[in-house]
Amino acid sequence: MFGYVRPLKPELLVREFSRYKSIYCGICKQIGRDYGQLPRLTLGYDLTLLAVLLLSLSDDQPPDRLEGCILNPVAKKPIVQGGPVLELCAALTVLLAWHKTADDIKDENTVKSRAAKLLLARAHRRAATRYGEYDQIMLEELQRLAEAEAGDPNPKAAEVFGHLLYRLFKQAAGLIAGEPEIIEAIAVFGRDLGVWIYILDAIDDFDRDWDNNQWNPFGAFSREDARAAGSRQLQDLEAAMDRTAALLPYRRDSGLLANIVTQGLPAIREQIFRGDKLARL
């Protein structure tokens with residue numbers, strides 16, 4: 001996905017950041033076990049939020065184990081081991097990465113995008129075989145998004161990406177919740193997050209798209225008007241996500257979730273509006 005969804009590290013407790021990294025690294029290890037080593041490079045922070053959210057609402061927790069990391073094999077750290085949530089987030093990482101490369105080929109058709117799609121083909125087949133309903137959701141919603149982006153520039157295209165995450169989060173919520181109202185709340189959170197990601201990415205890309213005469217949902221706006229409209233919408237979405245998240249019955253990690261929603265997202269928004277590059281956590 002895009003890498004915008006992350007906690008504000010300086011405001012996290014040490015144990016909260018350790019928990020976040022253990023889940024992030026757990027997804028990475030799960031990708032390696034299920035789909036091979038190369039697809040691990042596609043892991044970003046966005047789906048780590050989904051894993052944190054689902055695990056925070058679940059009574060059943062996969063165990064931690066001290067292990068080395070591919071980037072630092074000597075230092076041992078706690079890493080979450082498997083389970084349905086990590087298996088799903090690993091598959092979603094692969095599926096979304098493959099669909100993104102397919103979209104890049106349509107837009108640019110570069111050697112890099114064609115090579116990426118080819119290298120991810122086997123992993124995609126494995127993930128789609130096991131999680132076909134999620135792959136179908138992506139196919140349907142990304143086709144709708146392509147149709148929206150073929151028309152005149154319009155920020156409402158963000159609602160299509162929001163609906164994609166609405167459906168993915170709703171499907172994923174079935175892993176840990178049986179109550180319809182909890183499942184719907186998780187889905188609504190996903191919808192608002194999807195719109196937020198799409199709008200922020202549009203602002204991030206605005207100057208480059210303008211210079212290259214490429215489609216942008218704010219393409220009919222001036223730079224100043226796009227940033228003003230985008231800022232208002234992003235802040236409204238952050239407030240909506242905070243309200244929804246406050247209704248959920250957490251079993252653990254509520255402080256970590258609160259940090260991501262109320263501090264991490266606004267901090268990343270401010271960085272993007274300043275034009276700062278995002279560093280790794």
Side-chain angles (χ1 to χ4, degrees), residues 1-5 27 31 35 39 41-51 88-110 112-174 186-206 208-209 212 214-219 230 233-234 237:
M1 291 168 74
F2 300 90
Y4 299 126
V5 181
I27 298 172
I31 294 172
Y35 306 107
L41 298 174
T42 65
L43 177 63
Y45 298 116
D46 304 295
L47 283 169
T48 306
L49 171 61
L50 176 59
L88 172 61
C89 289
L92 291 179
T93 298
V94 169
L95 292 173
L96 284 166
W98 188 85
H99 283 288
K100 184 180 185 304
T101 61
D103 186 60
D104 289 342
I105 290 173
K106 290 179 183 177
D107 291 343
E108 302 168 7
N109 197 26
T110 63
K112 180 180 177 181
S113 60
R114 294 197 302 274
K117 185 180 180 184
L118 181 63
L119 291 171
L120 288 172
R122 184 180 180 187
H124 170 258
R125 286 195 299 272
R126 287 183 179 177
T129 297
R130 184 174 179 186
Y131 295 97
E133 65 275 28
Y134 292 92
D135 193 49
Q136 186 61 35
I137 289 170
M138 292 179 199
L139 282 170
E140 294 171 1
E141 297 300 330
L142 291 174
Q143 177 58 40
R144 289 183 59 221
L145 186 60
E147 292 168 0
E149 292 178 347
D152 294 332
N154 192 329
K156 284 189 174 296
E159 296 175 6
V160 181
F161 194 76
H163 196 246
L164 167 62
L165 262 63
Y166 173 90
R167 293 180 65 187
L168 292 179
F169 275 51
K170 188 167 189 174
Q171 187 80 17
I186 293 170
V188 168
F189 181 89
R191 179 199 66 199
D192 290 341
L193 181 66
V195 176
W196 186 91
I197 290 171
Y198 192 90
I199 292 295
L200 187 62
D201 187 60
I203 296 298
D204 196 12
D205 289 346
F206 184 86
R208 181 169 59 253
D209 290 341
N212 295 324
Q214 292 184 329
W215 192 94
N216 186 288
F218 291 103
Q233 188 171 4
L234 290 166
L237 289 162

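- Leu139 is linked by a side-chain contact (heavy atoms from CB on, under 4.5 Å) to His99, Asp135, Gln136, counting only residues two or more places apart in sequence or in another chain.
- Of the inter-residue distances, the one linking Thr48 atom OG1 with Leu43 atom CG reads 5.5 Å to the nearest 0.5 angstrom.
- Residues satisfying the side-chain hydrogen bond (donor to acceptor under 3.5 Å, both in side chains) criterion with Asn216, sequence neighbours excluded, are Asp209.
- To the nearest 0.5 Å, the span separating CD on Gln233 from CG on Asp192 amounts to 10.0 Å.
- Residues passing the ring pair (Phe, Tyr, Trp, His ring centres under 6.0 Å) test with Phe218, sequence neighbours excluded: Phe221.
- Nearest heavy atom pair, residue Ala91 against residue Tyr35, reads CB-OH, 3.3 Å.
- The side-chain contact (heavy atoms from CB on, under 4.5 Å) test applied to Ala173 returns Ile183, Ile186, not counting sequence neighbours.
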Verdict with reasoning, Met138 to Leu168, per side-chain contact (heavy atoms from CB on, under 4.5 Å): CA-CA 8 Å; Met138 292 179 199; Leu168 292 179; 4.3 Å; yes

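- Not a single ring pair (Phe, Tyr, Trp, His ring centres under 6.0 Å) links Phe189 to another residue, sequence neighbours left out.
- Evaluation of the salt bridge (Lys or Arg N to Asp or Glu O under 4.0 Å) test over residues 152-171, restricted to residues two or more places apart or in two chains, returns Glu140-Arg167, Glu141-Arg167, Lys156-Glu159, Lys170-Glu184.
- Between the Asp46 side chain and the Gly3 main chain, a donor and an acceptor come within less than 3.5 Å of each other.
- Taken from OG1 in Thr93 to CG in Leu120, the straight-line distance is 11.0 Å, to the nearest 0.5 Å.
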Which donor-acceptor pairs under 3.5 Å do side chains of residues 195-206 form with protein atoms, sequence neighbours excluded?
residue, atom, partner, partner atom, Å
Trp196, NE1, Glu238, OE2, 3.0
Tyr198, OH, Glu149, OE2, 2.6
Asp201, OD1, Tyr4, OH, 2.9
Asp204, OD2, Tyr4, OH, 2.7
Asp205, OD1, Arg208, NH2, 2.3

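- Between Leu92 and Leu47 the shortest heavy-atom distance is C-CD1, 3.7 Å.
- The CG atom of Leu50 sits 6.5 Å away from atom CG of Leu88, with the distance rounded to the nearest 0.5 Å.
- Rounding to the nearest 0.5 angstrom, the gap separating the CZ atom in Arg191 from the CG atom in Leu237 is 9.0 Å.
- In plain terms, the two heavy atoms of Trp215 and Ala157 that are nearest each other are CH2-CB, 3.8 Å.
- For Ala51, the side-chain contact (heavy atoms from CB on, under 4.5 Å) partners at least two apart in sequence or on another chain are Ile23, Ile27, Val85, Cys89.
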Just distance, no hydrogens or angles: give the donor-acceptor pairs under 3.5 Å from side chains in residues 125-132, sequence neighbours left out.
residue, atom, partner, partner atom, Å
Arg126, NH1, Asp34, O, 3.2
Thr129, OG1, Arg125, O, 2.7
Arg130, NH2, Glu87, OE1, 2.6

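- The distance from atom CZ of Phe161 to atom CG of Leu193, rounded to the nearest 0.5 Å, is 8.5 Å.
- Contact detail for His124 and Val94: the closest heavy-atom pair is N-CG1, 3.8 Å.
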